[in-house]
Amino acid sequence: MKKIIPWLLLSLHFAMANGLDEAKQACDNSDAEGCYRLGQLYAVGHGVEKDFRHTFDGYQKSCKSGDIFSCYEVGEAYYYGNGVTRNLQKAAATWQQACEQGETLSCYQLADLYESGQGVKQDFKKAFAIYKRDCDNGGGFSCHGLGKLYEQGKGVKQNIIKAQEYFTLACELGILDGCDDAQKLDAEK
């Protein structure tokens, strides 16, 4: 048994190194998926030491090559300052780009920035419009965001019935906060 474990670890090391080499080569050839994989390998430290700067570089190359989910990741890096200087305006601009292409998490994050006034001028009506468009396209987090706006009367006339409808829809789309908020409103009736 003791002889098998070092062999297994050695095999795993070569497999990870090979995956890293393949991702680097693919990214060097402007392959969006390869750049995204490279970013993920650096993000989790899979076969390499964790390095958020390299993570950001991989995601950014992937985003520029047309992978809209990578654009979401670039926005996250700017928002949290992972591997790059924190810049909420760049997060908003990146999420705007991805949202326009239908990347639902980017739409949610962008609407949230407008709701909170982070990196952009606070604008509840704009937040509402982004949440609504994304919710209509199946974005569960945005449906929950709409429910919150209706519940609190931000950017729209307060309407607990509409809030309940959007919380329920978010719940049906798998958003647990939507389930919790729908139950909470049910209990208040």
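What you are looking at is a predicted structure, and each value in this text was computed from that prediction instead of being measured. As a basis for the values below, the full set of heavy atoms in this structure was taken, side chains included, without hydrogen atoms, waters or symmetry mates.
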> When you look at Tyr150 and Tyr166, which way does the ring-ring contact (aromatic ring centres under 6.0 Å, His included) test go after all the steps?
CA-CA 9 Å; Tyr150 273 116; Tyr166 282 108; 5.8 Å; yes
> If you measure from the Lys or Arg side-chain nitrogens to the Asp or Glu carboxylate oxygens, is any gap between Asp28 and Lys24 under 4.0 Å?
no
> If you look at every heavy atom in Cys107 and Ser142, which pair is closest and at what distance?
C-OG, 4.4 Å
> On a heavy-atom basis, which atom in Thr104 and which in Gly139 lie closest, and how many Å separate them?
OG1-CA, 3.2 Å
> Show the atom names and distances, to 0.1 Å, of all donor-acceptor pairs under 3.5 Å that link a side chain in residues 47-57 to residues at least two apart or in another chain.
from: Asp51; atom 1: OD1; to: Arg53; atom 2: N; distance (Å): 3.0
from: Asp51; atom 1: OD1; to: His54; atom 2: N; distance (Å): 3.1
from: Asp51; atom 1: OD1; to: His54; atom 2: ND1; distance (Å): 3.4
from: Asp51; atom 1: OD2; to: His54; atom 2: ND1; distance (Å): 2.6
from: Arg53; atom 1: NE; to: Asp57; atom 2: OD1; distance (Å): 3.4
from: Arg53; atom 1: NH1; to: Gly83; atom 2: O; distance (Å): 3.0
from: Arg53; atom 1: NH2; to: Asp57; atom 2: OD1; distance (Å): 3.2
from: Thr55; atom 1: OG1; to: Gly39; atom 2: O; distance (Å): 3.3
from: Thr55; atom 1: OG1; to: Ala43; atom 2: N; distance (Å): 3.0
from: Thr55; atom 1: OG1; to: Asp51; atom 2: O; distance (Å): 3.0

> In terms of hydrophobic clusters joined by side-chain contacts under 4.5 Å, are Leu88 and Ile130 together?
yes
> Does the Gln122 side chain pair with the main chain of Glu115, one donor and one acceptor, at a distance under 3.5 Å?
yes
> Could you give all pairs that pass the disulfide (SG to SG under 2.5 Å) test and reach residues 146-189, with sequence neighbours left out?
Cys171-Cys179
> Please list all pairs passing the side-chain hydrogen bond (donor to acceptor under 3.5 Å, both in side chains) test where one or both residues lie in residues 167-178, with sequence neighbours left out.
none
> Kindly write out the residues that satisfy side-chain hydrogen bond (donor to acceptor under 3.5 Å, both in side chains) with Lys64, not counting sequence neighbours, or none if the list is empty.
none
> Verify whether the ring centers belonging to Tyr59 and Tyr36 lie closer than 6.0 Å.
yes
> Keeping Ser62 on the side-chain end and Ala32 on the backbone end, is there a donor-acceptor pair under 3.5 Å?
yes
> For Gly155 versus Lys125, what's the shortest heavy-atom pair and its separation?
O-CG, 3.9 Å
> For Ile68 and Gly102, work out which heavy atoms get closest and say how close.
CD1-C, 4.3 Å
> Where is the tightest heavy-atom contact between Ala26 and Gly34, given as atom of each residue plus distance?
CB-CA, 3.8 Å
> Would Phe128 and Tyr131 count as a close aromatic pair, with their ring centres under 6.0 Å?
no
> Who clusters with Leu185? Use side-chain heavy atoms, under 4.5 angstrom, across I, L, V, M, F, W and Y, and order the result by chain and number.
Ile160, Phe167
> Please check: side-chain N/O of Gln158 versus main-chain N/O of Glu151, any donor-acceptor pairing under 3.5 Å?
yes
> Could you note down all residue pairs passing side-chain hydrogen bond (donor to acceptor under 3.5 Å, both in side chains) where residues 77-92 supplies at least one of them, sequence neighbours left out?
Tyr79-Gln118
